[in-house]
J.: 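Sharing a structure below in structure tokens format, with a few things to ask.
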Amino acid sequence: MPAIAPNPAAGPLTSALARLGMRAAAVFEQGVALFAFIGECAVAFAGWLAHPARIRWRPILFNIRGAGFDALPIVGLLAFLLGIVVAYQGADQLRQYGANIFVADLLGLSMLREFAPLITAIIIAGRSGSAYAAQIGAMSVSEEIDAMRTLGIAPLEMLVLPKVIALLIVLPLLTVFADVLGVFGGMLMARAQLDVGFPEFLDRFTKAVGVTDYLIGICKAPVFAGIIAVVGCFQGFRAQGGADSVGRQTTRSVVQAIFLVIVADALFSIAFSALGL
Amino acid sequence: MDAENVIELRQVSTRFGAHVVHDGIDLTVRRGEIFALIGGSGSGKSTLLREMILLHEPNSGSIRVLGVELADISAADALALRLRWGVMFQHGGLFGALTVTENIGLPLREHTDQTDRQIDQIAAAKLAMAGLRPEVGAQYPAELSGGMLKRASLARALALEPELLFLDEPTAGLDPESAGEVDQLVRTLRDQFGLCIVMISHDLDLLWQTADRVAVLADGKVQGVGAMAELAAMDHPAIRKFFDGPRGRAAASSPDVTKWNPGEPTRSNPGFRRAASGLPIPPPPLEIPVLRRPAWKPK
């Protein structure tokens, strides 16, 4: 089998350039493959919409439980702690100006608009995105994906669509849960540090935070969900060879998912500020 | 197309980037025969098998399986065709999340309207057909040995009563005795159920004892097709490589080459075979004490 022979005349400079070129080509290839994967998923999803009888409810429900219900404790705890931290950090600054009550503004806007969707997405990327990549990666390495195809079961319909749909449903719900617990954590801290009682806090909260702020946070969640599920499944399918490849793809899926989630969040910020929201 | 031909390959070419794997392959598999593909590592025999079972598309050429052209096949035709053949993968390809019985029943659950009870009965029958004990059905693939995995995979491949069976390295990684049993199983499937079997194998014993015709793949082309005895007489260097090694000579001279005799599995007696071929008999393997499981390793 002819291997790719290194050019013996290449000096260190050209080989560094060649490596750079190869890296760039690999990144480009992966980007193209990701778009092709998204396209195939979209076609499979259109097939489901055209023939609703083919929708696989069992794996969808299974994934809703696994990625959603089972994630409630960790999402709730971390959002609660994040609320405490934000209120604690704000408390000192606000006290200097006697603006204690504005802790409700600080918490409400930062939690609902930014922190709750982001922390939820990051937890789910680490918890479910990695599990998706590992599961699909292990299945492709052990020929289970090939076996599935030969048995006439489309892997995209069995493995990918249920995960994407489940996460699209679950992530906004988890974000709401994180909103509630984050604000609750901040509220406890406001009473302990700033002597802002629950009634005053909630009174100010309803005035400071509008429905728009709440919806801005929630509407990011489906986008993050799509990124996490698609990247996790895509990296899983790219595993080939042995178990080491599964580990590598799993790591890559988490890194890429979190990276893309934060990039998407930045784009949202720009878009919302341009829209004046 | 000749109705007797189950698979027809015409001028099949495959490339991976600049690397040419197949350069115009012509092959024909006839009804009711056991056909084997052999070749060195990287000779593209696995890729050729994947092309026959719709897992890979060749760059050019035509493949017809069971009378259906595979190029530009529609999704519905592909599904219909996939249900007419069974595939046993090298590592089994069983779903780790399902028990063996559920694995065997999966294609039936997906593609037929039978009740769970009927499906379980069929799965039990296929399990027995593949030579596994009924209690294996409740086990998960991770609990099975290599030989049992292959048998379970075979049972699943047989679930939908296929006309054609593909076996990827059916004896690789098996101990001599289980490999001997696989030889027997392959012949039984053909003789009793009239299945056409296409397999990839490096195992010369399996080839000598079961294959009706063998194709040797090398340098992207078919270097020779014929019964093992015919191939053994050919002069092509790629073919000679298989027959001239010490293992090749040993397998060829095993006493039951011409007439298969299920009563005496020769594989369990390699010393006898070697003595017959005039090769030195290797000393018995050393007794190596079994190491204890390290305390940090999960059970």
Side-chain angles (χ1 to χ4, degrees), chain A residues 1-7 22 25-26 29 36 40 43-44 46-48 50-51 53-59 62-63 65-66 131-132 134-159 162-163 236-237 239-243 245-246, chain B residues 16-21 39-44 46 49-50 52-56 75-76 78-98 103-112 141-142 149 152-153 156-157 159-160 162 165-166 168-169 218-220:
Chain A
M1 182 194 273
I4 301 166
N7 183 358
M22 261 144 63
E29 184 270 335
E40 279 183 46
V43 170
W48 271 15
H51 307 277
R54 274 175 35 199
I55 297 179
R56 293 181 184 274
W57 294 106
R58 267 174 68 99
F62 182 80
N63 278 300
R65 191 191 68 189
Y132 295 168
Q135 184 211 351
I136 294 177
M139 288 183 78
S140 31
V141 168
S142 65
E143 300 176 322
E144 287 178 47
I145 304 278
D146 286 344
M148 207 176 254
R149 285 206 182 96
T150 48
L151 294 178
I153 302 167
L156 284 182
E157 290 183 15
M158 186 69 148
L159 297 172
K163 293 180 169 59
F237 276 109
Q240 51 184 350
S245 161
V246 178
Chain B
F16 287 116
H19 175 48
V20 177
V21 183
S41 303
S43 61
S46 295
L49 186 85
R50 289 175 63 84
M52 291 182 207
I53 57 176
L54 281 169
L55 290 178
H56 192 90
L79 177 62
L81 197 55
R82 279 174 166 147
L83 303 186
R84 292 175 65 192
W85 69 53
V87 184
M88 184 186 113
F89 287 91
Q90 188 178 350
H91 305 291
L94 294 170
F95 302 115
L98 306 178
N103 260 293
I104 301 171
L106 185 68
L108 296 160
R109 249 176 263 278
E110 278 292 319
H111 303 296
T112 67
L149 269 181
S153 177
R156 187 179 66 183
L160 288 170
L165 193 60
F166 293 95
D168 188 358
E169 303 269 8
D219 305 323

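Chain identifiers are assigned alphabetically (A, B, ...) following the order of the sequence lines, protein sequences preceding nucleic acid strands; residue numbering begins at 1 within each chain.
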J.: In terms of heavy-atom pairs under 4.5 Å, which option from A:E143, A:Q135, A:R149 contacts chain B the most?
T.: A:E143

J.: Give, as side chain, backbone, both or neither, the part of A:M148 having an atom under 4.5 angstrom from any heavy atom of chain B.
T.: both

J.: Does CD in A:Q240 sit with more than 12 non-hydrogen atoms of other residues, nucleotides or ligands closer than 6.0 Å?
T.: no

J.: Does some side-chain heavy atom of A:D146 sit less than 4.5 Å from a side-chain heavy atom of B:V87?
T.: no

J.: Find the one option among A:G152, A:A138, A:A154, A:S142 whose heavy-atom pairs under 4.5 Å with chain B are most numerous.
T.: A:G152

J.: Side chain, backbone, both or neither: which part of A:R56 has a non-hydrogen atom closer than 4.5 Å to chain B?
T.: side chain

J.: Where is the tightest heavy-atom contact between A:L151 and B:L83, given as atom of each residue plus distance?
T.: O-CD2, 4.1 Å

J.: Go through B:G93, B:A18, B:A78 and name the one with the most non-hydrogen pairs under 4.5 angstrom from chain A.
T.: B:G93

J.: To the nearest 0.5 Å, what is the distance between CZ (B:F89) and CD (A:E144)?
T.: 10.5 Å

J.: Is B:L94 in contact with chain A via its backbone, its side chain, both, or neither, using a 4.5 Å heavy-atom distance?
T.: backbone

J.: Which bit of B:L54 comes within less than 4.5 Å of chain A, counting heavy atoms only: side chain, backbone, both or neither?
T.: neither

J.: Given a strict heavy-atom distance threshold of 4.5 Å, which part of A:T150 is in contact with chain B: side chain, backbone, both, or neither?
T.: both

J.: Can you tell which part of B:H91 gets under 4.5 Å to a heavy atom of chain A, answering side chain, backbone, both or neither?
T.: both

